[in-house]
Amino acid sequence: MTALRIERVEVRDIRFPTSLEAHGSDAMHTDPDYSCAYVTIHIENDSVLKGHGLAFTLGRGTEVVVQAVRSLARLVEGEDCHEIWNDFAGFWRKITSESQMRWIGPEKGAIHLAVAAVVNALWDLWARHENKPVWKLLVDLPPEKLVSTIDFRYITDVITPAECIQMLKEHRPEAESEMKTTGFPAYTTQVGWLGYSDDTVNSLCKEFLNDGFTSFKVKVGQNLEDDKKRLKLVRDAIGPDHNLMIDANQRWDVEEAIQWVTELQEFKPLWIEEPTSPDDILGHATIAKALKPLDIGVATGEMCQNRVIFKQLLQANAISFCQIDSCRMGGINEVIAVYFMAKKFGIPVCPHAGGVGLCEMVQHLQIWDYISLTGEKQNRMIEWVDHLHEHFTSPPKVRRGHYIAPKDPGYSTEIKIRSIETYEFPDGKYWSSVQN
Ligand SMILES: C[C@H](O)[C@@H](O)[C@@H](O)[C@H](O)C(=O)O
Ligand SMILES: [Mg+2]
């Protein structure tokens, strides 16, 4: 086998000025510029095969993650990809446990976002090398090989490699073709960004209903009366039978969360997302218990820093919906560990995708879950926000409220050269023009 030696890990700071129109705004992030630390892995003596990975960030935070990727690069450059893929868990542990770097984590925060960008680029590269989209690579890998990519440290009290191997289904060609034709259900958050006017919210509800969407998420948490007004508007627009979810982006204390959400019960939310600090496992459990009689579930995960927090949220009955994020944890290796744990606890995964590049990635994971792991669509949906996909070489296809399984090789994470030239910070064409 010819070596695939990694020559260089290139990283860029890419920022889109989404705050100008309040796209992505919520109770805590009032001026989000959707951004990412964008990694390209270059292979020695090969100008065609490259791996692209990213970690979603907001504006100024990006420079920290970019620097963290630079610090990790020395652990990656010079390595042979085949050796990485043959012992991916070993490589994952090497880069997350490096004796001096781990002090600024471990396995959390900016350094873990940087791990995600690099690890996701390695999966993109692997899938391109196999000439398959990532979901298909995941589906086709022999169960032992797929499970061998996970570092089970800290979770063996809940799940073991042998159990995961057992859980995986035989190949299901009919499920694959279903994903290529009908696709996997999506929900939209676009109707609910906090900075949007009522008129915009109203017309977006109509637009998404016409497009076949049946589930809608709205931001809450800044002002109770405004929340009631907006939720009434959306409930009236979408009707009593469609799903309505609410998202507070960690705005409240535990008791405040319970009181606030109780005030909103008449709008029949399916879930309250991120009611409080993402690290407060027992707080989530208290909220979940209090809201259960109202039939409102608790969802969280977009800021769950690693598999350990997810493990405890599941153990503590703190969530009814598990919202993995493709680049908050350390990339696919760690995310699939959470899918396996969620399956064991019987909790549906509804991936987080409100950001740049997230819809692109999570569709692969959920489609793999449907084909190979749970076979379930009940209570499961992938978030969809229609922002910035035009910057990707393989944008996701959403039809009649469903994600259609991607066909192109890779993880759908490659950004167009022209977009990089325009939105790289601070010297891209856009940023240099607004700063002058
Ligand atoms: C700042 C971002 O848009 C967040 O508001 C977003 O990720 C959100 O929490 C979501 O659930 O999509
Ligand atoms: Mg959210």
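One-based numbering, in listed order, for ligands and for the atoms of each.
Closest to atom 4 (C) of ligand 1, if we only count protein heavy atoms, is D26 OD2, 3.2 Å. Atom 12 (O) of ligand 1 has as its closest protein heavy atom E383 OE2, 2.5 Å. Atom 8 (C) of ligand 1 has its closest protein heavy atom at K219 NZ, 2.8 Å. Looking only at heavy atoms of the protein, atom 6 (C) of ligand 1 is closest to G354 O, 3.5 Å. In this structure, atom 2 (C) of ligand 1 lies nearest to the protein heavy atom G24 O, 3.5 Å.
The aromatic rings of F88 and W126 lie tilted to each other, with the angle between the two planes from 30° to 60°.
Side chains of S19 and D33: a donor on one and an acceptor on the other come within 3.5 Å. In this structure, a donor-acceptor pair under 3.5 Å is absent between the side chains of K397 and Y403. Side-chain contact check for W193 and H387: at least one donor-acceptor pair (N or O, by modelled atom type) lies under 3.5 Å.
Judged by the 6.0 Å distance and 45° axis criteria, R15 is positioned over the aromatic ring of F425. Seen from the ring of Y370, R172 counts as a face-on cation partner, given the 6.0 Å and 45° thresholds.
The ligand atoms of ligand 1 that sit less than 4.0 angstrom from a heavy atom of W193 are 3 (O), 5 (O). Atoms of ligand 1 found under 4.0 Å from any heavy atom of D247 (numbered from 1 in listed order, with element): 8 (C), 9 (O), 10 (C), 11 (O). Near H352, with a cut-off below 4.0 Å to any heavy atom, the atoms of ligand 1 are 6 (C), 7 (O), 8 (C), 10 (C), 11 (O), 12 (O).
Checked by distance only, ligand 1 and E302 come closer than 3.5 Å through their nitrogen or oxygen atoms. At a 3.5 angstrom cut-off on N or O pairs, N249 counts as close to ligand 1.
In terms of distance to the Mg ion (ligand 2), the nearest N, O or S atom of E273 is named OE2. The Mg ion (ligand 2) is closest to atom OD2 of D247 (considering only N, O or S atoms). For E302, the N, O or S atom with the smallest separation from the Mg ion (ligand 2) is OE1.
Note that CG of L58 is 8.5 Å distant from CG of D31, once rounded to the nearest 0.5 Å. The distance from atom CZ of F213 to atom SG of C205, rounded to the nearest 0.5 Å, is 12.0 Å.
Using a 4.0 Å heavy-atom cutoff, Y34 is listed among the residues neighbouring ligand 1. The shell of residues lying under 4.0 angstrom from ligand 1, judged by heavy atoms, excludes M28.
With a 4.0 Å cut-off on non-hydrogen atoms, Q323 does not touch ligand 1 at all.
No option in K50, R128, H391 other than R128 meets the side-chain hydrogen bond (donor to acceptor under 3.5 Å, both in side chains) test with E414.
Residue W85 comes nearest to L122 through the heavy atom pair NE1-O, 3.4 Å, listed as atom of the first residue, atom of the second, then distance.
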